[in-house]
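Report on one structure; see the data block that follows.
Since we're looking at a predicted model, the values are computed, not measured.
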2 protein chains.
Amino acid sequence: MNSSASTKERILTAAEALFAQRGFEGASLRQLTAAAGVNLAAVNYHFGSKDHLVEQVFKRRLDQLNARRLAALKHFAGLQETTLEDVLSAFIRPALDLSHDGGGGLFMRVLARAFAEHDDDLRKFLSDNYGHVMRQFTAEFARLLPGLSKEELYWRIDLVTGALTHAMSGFGIIQRKNDVSEITHREQTAEHLIRFAAAGLRAP
Amino acid sequence: MNSSASTKERILTAAEALFAQRGFEGASLRQLTAAAGVNLAAVNYHFGSKDHLVEQVFKRRLDQLNARRLAALKHFAGLQETTLEDVLSAFIRPALDLSHDGGGGLFMRVLARAFAEHDDDLRKFLSDNYGHVMRQFTAEFARLLPGLSKEELYWRIDLVTGALTHAMSGFGIIQRKNDVSEITHREQTAEHLIRFAAAGLRAP
DNA sequence: GAATGGTTCAAACGATCGTTTGAGGATACG
DNA sequence: CGTATCCTCAAACGATCGTTTGAACCATTC
């Protein structure tokens, strides 16, 4: 049908990689279209502008991430026997999975960049596509941590998010060693994150 | 003496603010020099290039931050009665102070950007100016958390750093309210961070 | 007061940016 | 076959980028 679907997808994939490497301003459309093997004008034809392309790069991955997080949370929401670790797992593992399939761990780096860019339009876009998921998780955390005030809870979720973003985007000193498979490394990352975050959330 | 000291300082201050707002690539030398009230050519005259200017922006603040952190740590290093919270305080409070004086909470945002940019040269520069401080703190954490393996300790320090950077750069949802003074807010931030990080580091 | 060395200035340089244009190719339908 | 629709392409547009240039300024020194 739409013979341009391939072109659009190629642009999106190349854009995700280049934005992660060079940033939104640092990656030019000429580098981007050359990497994708398409004509320079194709970006403006299919996406209207570079800014709209940036939004679509986010949308493609965030739709995945949100759906998976909510699906994972659904199994635990409101249940008596749910633990803090269960909810953290539903929050963390889809993000780690996302950075694994989809062609590489690039998107979380793009996301971390977006946080750092402090672009108001982009933040609003992220809030619109992200807000309801965060609210659901916050409600579940509140249920499992009844001793925390609302302010204290917001603070701690914020700090968990910081630790998550940091770890997932590969900022840190921790790198996968060659004798550890990527799946194993991902599992270890998830376990470290969940253990750390759960303890931080439960802090007296 | 050096009548250009004023010009250099004005450039550095304006650069710090603009880099925080627009990023290293997004802030042009024309915006920068206009904000500083100096001639366009002054940047290349005093700093050689834009890249060198970026490095100097970091150096000016990191030298402060490193000195204050080490001075704060010195009071606790190796002492029997030192607590985890003491060391975390020595790590966290100088950073919060830095973002307070020096004309605004802009530098930590610049630092968070630098992490996100993944620029190898800049990361090497940061590592060279930062590494020995991190090693001293790591040694102290290891002393106070003898139950942790080296790998586990590295992981947790990495996660603490992520939470710290996130909170200090003002990413999160937490904003200072108008009825709270900045000093009070800074103190609350430090307490939340220390409580959360200490619990995360002590996780079973 | 002429000369010196450090600093500032307006102007221009070539390169690269995002975007637009208009012609041409490809495919489907009458 | 003719036409309409979607897409691709090379080329160019104006704007802005970091950097360089050479003249002017200004304090200090002989």
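For the pair B:Trp155 and A:Thr189, the minimum side-chain heavy-atom distance is below 4.5 Å. A heavy-atom distance below 4.5 Å is not found between the side chains of B:Leu201 and B:Leu144.
Residue B:Thr7 places at least one side-chain N or O closer than 4.0 Å to OP1 or OP2 of C:dT8. Under 4.0 angstrom from either OP1 or OP2 of C:dT7 there lies no side-chain N or O belonging to B:Asn39. Residue A:Ser28 places at least one side-chain N or O closer than 4.0 Å to OP1 or OP2 of C:dC17. Side-chain nitrogen and oxygen atoms of B:His46 include none within less than 4.0 Å of the OP1 or OP2 phosphate oxygen of C:dG6.
Salt bridge annotation for A:Arg186-A:Glu191: absent, with no cationic side-chain nitrogen under 4.0 angstrom from a carboxylate oxygen.
Checking C:dG18, D:dC9, C:dC9 against every side-chain atom of B:Ala41, the shortest atom distance belongs to C:dC9.
In this structure, B:Leu29 atom CG and D:dT19 atom P are separated by 6 Å, rounded to whole Å. If you measure from atom CG of B:Leu18 to atom P of D:dG18, you get 11 Å, rounded to the nearest angstrom. For B:Arg22 and C:dC17, the CZ to C1' distance is 17 Å, given to the nearest whole Å. Taking atom CG of residue A:Leu32 and atom P of nucleotide C:dC17, one finds them 11 Å apart after rounding to whole Å. Per the geometry, CZ belonging to B:Arg10 stands 14 Å off P belonging to C:dT7, to the nearest Å. Taking atom CZ on B:Arg30 and atom C1' on C:dA12, their separation rounds to 10 Å, with Å as the unit. The distance between atom OH of B:Tyr45 and atom P of D:dA23, rounded to the nearest whole Å, is 17 Å. At whole-Å resolution of the value, CG in B:Leu40 and P in C:dC9 are 11 Å apart.
No engagement by B:Ala42 is indicated, since no non-hydrogen atom pair under 4.0 Å with the nucleic acid exists.
In this structure B:Phe47 satisfies the ring pair (Phe, Tyr, Trp, His ring centres under 6.0 Å) test with no other residue, sequence neighbours excluded.
Screening A:Tyr154, A:Phe91, A:Phe76 for a ring-ring contact (aromatic ring centres under 6.0 Å, His included) with A:Phe137, the sole residue that qualifies is A:Phe91.
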